[in-house]
Amino acid sequence: MKPSLIVHGGAGNIPDAAVNDFRRGVRSGLNAGWSVLSRGGAALDAVEAAIVALEEDPALDAGVGSHLNRDGRVQLDAIVMDGGTLKAGAVAAVERIRNPIRLARLVFEKSEHMMLIGRGAEQFAVENGFPLCDPEELITDVARDEWRKTREPSAAGHAEQPRGTVGAVALDSDGNLVAGTSTGGTRGKYPGRVGDSPLIGCGCYADAQAGGISCTGYGEGIMKVVMAKMAADMLRDPGAVAPRESKDSDTRIAQSVAEACVRILGDRARAAGGLILLDREGNPAAAYTTPRMAYGYVGAGGVLNIAP
Ligand code: GLY
């Protein structure tokens, strides 16, 4: 099977001056994931590598550079899901984990549970020899300045936020399909708030019979429409977006599904956001309703396609 990879660095109001930073982040995610897949590596390793690179980029809202919550602390959420078994590993509201996607993978591989939060997640990390970090190393000057602004009475809501969640979906040469998502959540969020990102079906879903999806945007809206699972259901049975008599290509159907999902997010949840996906054959698609979304995929011949 031909491997495939798509990643995103978040949907939001990305200013012109920051576009190159977002492109840099997306490129590093693609390079990290593709270096695994192009050598015949596993989709799980590719998603982890891509998301670690995205978490390490201080311009993106995941790992280092995450938004701060109301109390000026970083609380991180992440998930990885395997489309073959439908098994996932997720962590939420962790504060001392530099790369939460790695801890999510540890939960996926070593826990009898699929989601651990807060202190319990960090205890699981310690018990399994996983390193804890100093929470201060996750906080950038930019994020702290932005957080100060949220304390002003005129502070805007999520739609105005400059940075969003990160994610990746990979299909490997053995046909394994894996999706993952990682986030610092919304700027100025209430302590303990968990958004869509680490929740199966909301911010992430993978089913090898349908496709893999990672979402970004206003979590409280994405949860209302269970957007990632909605996209998977449409990919499985695209009748609503591509009537059987239509001659749409698989690529066009995947794009129609992505667009239908963000339309429903706006219509039914009155929320803005975006998603990336691979259908079960590895065809990529992306859609968003925010001013911009940073994303990229590996096209024919290993060429990187990056937006914006
Ligand atoms: N989509 C990220 C969040 O709302 O937490």
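Indexing begins at 1, ligand by ligand and atom by atom, following the structure's order.
Remark: distances from the non-hydrogen atoms of Gly203 to ligand 1 are all 4.0 Å or more.
The nearest non-hydrogen atom to atom 3 (C) of ligand 1, considering only Arg193, Glu220, Met223, comes from Arg193.
No more than 12 heavy atoms of other residues, nucleotides or ligands shown are found within 6.0 angstrom of CG on Asp141. Taking a 6.0 Å sphere around CG of Leu304, one finds it holds more than 12 heavy atoms contributed by other residues, nucleotides or ligands.
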Listed pairs under 3.5 Å, donor-acceptor, residues 74-92 side chains, sequence neighbours left out:
| unit_1 | atom_1 | unit_2 | atom_2 | d |
| --- | --- | --- | --- | --- |
| Gln75 | OE1 | Gly192 | N | 2.9 |
| Gln75 | NE2 | Glu95 | OE2 | 2.8 |
| Asp77 | OD1 | Ala93 | N | 2.9 |
| Asp82 | OD2 | Thr85 | N | 3.0 |
| Asp82 | OD2 | Thr85 | OG1 | 2.7 |
| Thr85 | OG1 | Lys87 | N | 3.1 |
| Lys87 | NZ | Phe108 | O | 2.3 |

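Ala42 pairs by the side chain to side chain contact (heavy atoms under 4.5 Å, CB included) definition with Asp45, Asp172, not counting sequence neighbours.
Side-chain N/O atoms of Ser214 and Thr181 include a donor and acceptor closer than 3.5 Å.
Heavy-atom contacts of Thr165 reach the following atoms of ligand 1: 1 (N), 2 (C) (cutoff under 4.0 Å). When each atom of ligand 1 is checked for a heavy atom of Gly185 under 4.0 Å away, the hits are 5 (O). Counting the atoms of ligand 1 from 1 in the order shown, those under 4.0 Å from a heavy atom of Ser197 are 1 (N), 2 (C). Residue Gly217 has at least one heavy-atom neighbour below 4.0 Å for each of these atoms of ligand 1: 1 (N), 2 (C), 3 (C), 4 (O). Within ligand 1, the atoms closer than 4.0 Å to a non-hydrogen atom of Asp196 are 1 (N), 2 (C), 3 (C), 4 (O), numbered from 1 in the order shown.
Residue Gly219 places at least one N or O, backbone or side chain, under 3.5 Å from an N or O of ligand 1.
A salt bridge is defined here as a Lys NZ or Arg NE, NH1 or NH2 lying under 4.0 Å from an Asp or Glu carboxylate O, and Asp233 with Lys229 meets this definition.
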